[in-house]
K.L.:
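Here you go, one structure.
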Amino acid sequence: MAKTKWNILFAAFVLSCLSLATLIVAFCTPYWIISEASERTAYKNSDIQYGLFTGSLTRNVLATPITYDLTVICLYEQNVCVYSCQTEEAKRESEVLALLAGEKPAECPIAGAKTSFRITDQTSGRVASKDNFINAGLWLATVLFLAISTTFAGASASFAIINVLFNPVEPIFSVFGLYIWNGIVIGGTVLTMSMWGALYGSYLSDNIAITDTLTPEAPYSSENLASLGASYWVLFIPLLLHGSNIGLLLWRQYEINKEPPPTTIDVDKSDLTIIMY
């Protein structure tokens, strides 16, 4: 029985490690959004993919594609985020301010090249609608909840192996605490998926919020061309793994509860012979 209880905790440790690895992959990979952007005169649609922080844009204006790096920039006072093609923080911020004002943005630098491609040669007199930008609050909530899930997945793995090797006295560090850590990961992951799902449904499905699609006079459109990528869908794996962990812990408790109680020895205190011992 003791071996079974040890194996259950070790299995919870392994599942938590797998979940932690999955959450880190989701955090770092640029496949939260996969999209195209259409342009009437282009050779074919542009290809776009990005994660929570970075991504890439491949323009296919001619037969030879041109690739740009994308980096997220948020102006919290305006409650907007944009995936910018600029390589410097100050230029990214200037680009967002220009887009908000309906002005022509700066050129996108091409990595490793001395030339650049300008989005449009016209200056717009219209101010871009904030409905086309990424909501900074939803983006930040997504990042925070994913960070919480990742942190507590690590805590779940750490305390699972501690309970395999030792027998902590404090309840929060014992098996009881494992229920808490696993529950927080599940809750944080559900909220992460909900926040990004709301962001996609409300904003990104109509406009993926890159320079090309946000410039008022630019002919690029991503409407109905975007989809949620693999980095989003892999979050179902931590939900499954930590749900399994809670199931394993409940099974462990069931095995403990069905064990026969320890044998007790009743001593007849009226027997004076025990005084001799």
Side-chain angles (χ1 to χ4, degrees), residues 1-29 31-33 51-53 137-201 227-266:
M1 183 60 66
K3 186 69 173 178
T4 299
K5 291 185 287 186
W6 182 91
N7 288 338
I8 290 173
L9 289 176
F10 187 77
F13 164 73
V14 172
L15 295 182
S16 294
C17 288
L18 292 174
S19 172
L20 178 60
T22 303
L23 289 166
I24 292 173
V25 167
F27 229 129
C28 299
T29 50
Y31 302 105
W32 285 71
I33 289 292
L52 294 178
F53 306 104
L138 287 175
W139 177 86
L140 182 61
T142 300
V143 173
L144 289 177
F145 284 126
L146 185 58
I148 289 171
S149 296
T150 305
T151 300
F152 282 95
S156 175
S158 299
F159 287 110
I161 197 63
I162 286 173
N163 278 273
V164 169
L165 301 175
F166 308 103
N167 186 24
V169 177
E170 293 293 332
I172 197 67
F173 300 132
S174 66
V175 174
F176 173 77
L178 294 179
Y179 287 98
I180 298 176
W181 314 135
N182 283 279
I184 291 176
V185 176
I186 292 173
T189 304
V190 168
L191 289 171
T192 299
M193 298 185 75
S194 299
M195 293 299 102
W196 191 262
L199 193 60
Y200 171 76
S227 62
L228 295 168
S231 299
Y232 175 84
W233 295 115
V234 296
L235 293 177
F236 278 109
I237 296 176
L239 292 178
L240 176 63
L241 294 175
H242 288 280
S244 300
N245 271 353
I246 291 177
L248 288 172
L249 295 174
L250 291 173
W251 177 32
R252 178 182 180 276
Q253 187 60 45
Y254 169 77
E255 293 292 334
I256 292 173
N257 291 339
K258 76 175 186 178
E259 288 182 357
T263 304
T264 58
I265 301 175
D266 293 327

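Computed from a predicted model, the values in this text were never measured in an experiment.
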K.L.:
Do the side chain of Y31 and the main chain of A26 share a donor and acceptor less than 3.5 angstrom apart?
P.N.:
no
K.L.:
Any donor and acceptor pair, going by atom type alone, linking the side chain of S149 with main-chain N or O of F145 inside 3.5 Å?
P.N.:
yes
K.L.:
H242 versus L15: any side-chain heavy-atom pair under 4.5 Å?
P.N.:
no
K.L.:
Roughly how far, to the nearest 0.5 Å, is the SG atom of C28 from the CG atom of L52?
P.N.:
9.5 Å
K.L.:
If you round to the nearest 0.5 Å, how far is CG of N182 from CG of L249?
P.N.:
6.0 Å
K.L.:
Does the side chain of S231 come under 3.5 Å of the side chain of T29 through a donor N or O and an acceptor N or O?
P.N.:
yes
K.L.:
Given the rule in the side-chain contact (heavy atoms from CB on, under 4.5 Å) test, do Y200 and M195 qualify, once you have shown the distances and angles that lead to the verdict?
P.N.:
CA-CA 9 Å; Y200 171 76; M195 293 299 102; over 6 Å; no
K.L.:
Heavy-atom count check: over 12 atoms from other residues, nucleotides or ligands less than 6.0 Å from F176 CZ?
P.N.:
no
K.L.:
Under 4.5 Å between any side-chain heavy atoms of L235 and W196, yes or no?
P.N.:
no
K.L.:
What distance separates L199 CG from W139 CH2, expressed to the nearest 0.5 Å?
P.N.:
10.5 Å
K.L.:
Going by atom type alone, with no hydrogens or angles, which donor-acceptor pairs under 3.5 Å involve a side-chain atom of residues 159-173 and a protein atom two or more places apart or on another chain?
P.N.:
| unit_1 | atom_1 | unit_2 | atom_2 | d |
| --- | --- | --- | --- | --- |
| N163 | OD1 | V175 | N | 3.4 |
| N163 | ND2 | F159 | O | 2.7 |
| N163 | ND2 | F173 | O | 3.0 |

K.L.:
For T189 and P238, work out which heavy atoms get closest and say how close.
P.N.:
OG1-CB, 4.4 Å
K.L.:
Ring pair (Phe, Tyr, Trp, His ring centres under 6.0 Å) with F13: which residues, sequence neighbours excluded?
P.N.:
F10
K.L.:
To the closest 0.5 Å, what do you measure between CH2 (W233) and OG (S227)?
P.N.:
9.5 Å
K.L.:
Working note: I180 + F152, criterion side-chain contact (heavy atoms from CB on, under 4.5 Å); need CA distance, chi angles, decisive distance, verdict.
P.N.:
CA-CA 9 Å; I180 298 176; F152 282 95; over 6 Å; no
K.L.:
Distance from L178 atom CG to S156 atom OG, nearest 0.5 Å?
P.N.:
6.0 Å
K.L.:
Nearest 0.5 Å, what's the CD1-CG distance between I186 and N245?
P.N.:
8.5 Å
K.L.:
Output all residues satisfying side chain to side chain contact (heavy atoms under 4.5 Å, CB included) with L240, sequence neighbours left out; order by chain, then residue number.
P.N.:
S244
K.L.:
Do you know the tightest heavy-atom contact between L23 and A153?
P.N.:
CD1-CB, 3.7 Å
K.L.:
Would you say W32's side chain and G229's backbone share a donor-acceptor pair under 3.5 angstrom?
P.N.:
no
K.L.:
Nearest heavy-atom pair of L138 and T142: which atoms, and what distance?
P.N.:
O-OG1, 2.8 Å
K.L.:
Closest approach of Y232 and M193, non-hydrogen atoms and distance?
P.N.:
OH-O, 3.0 Å
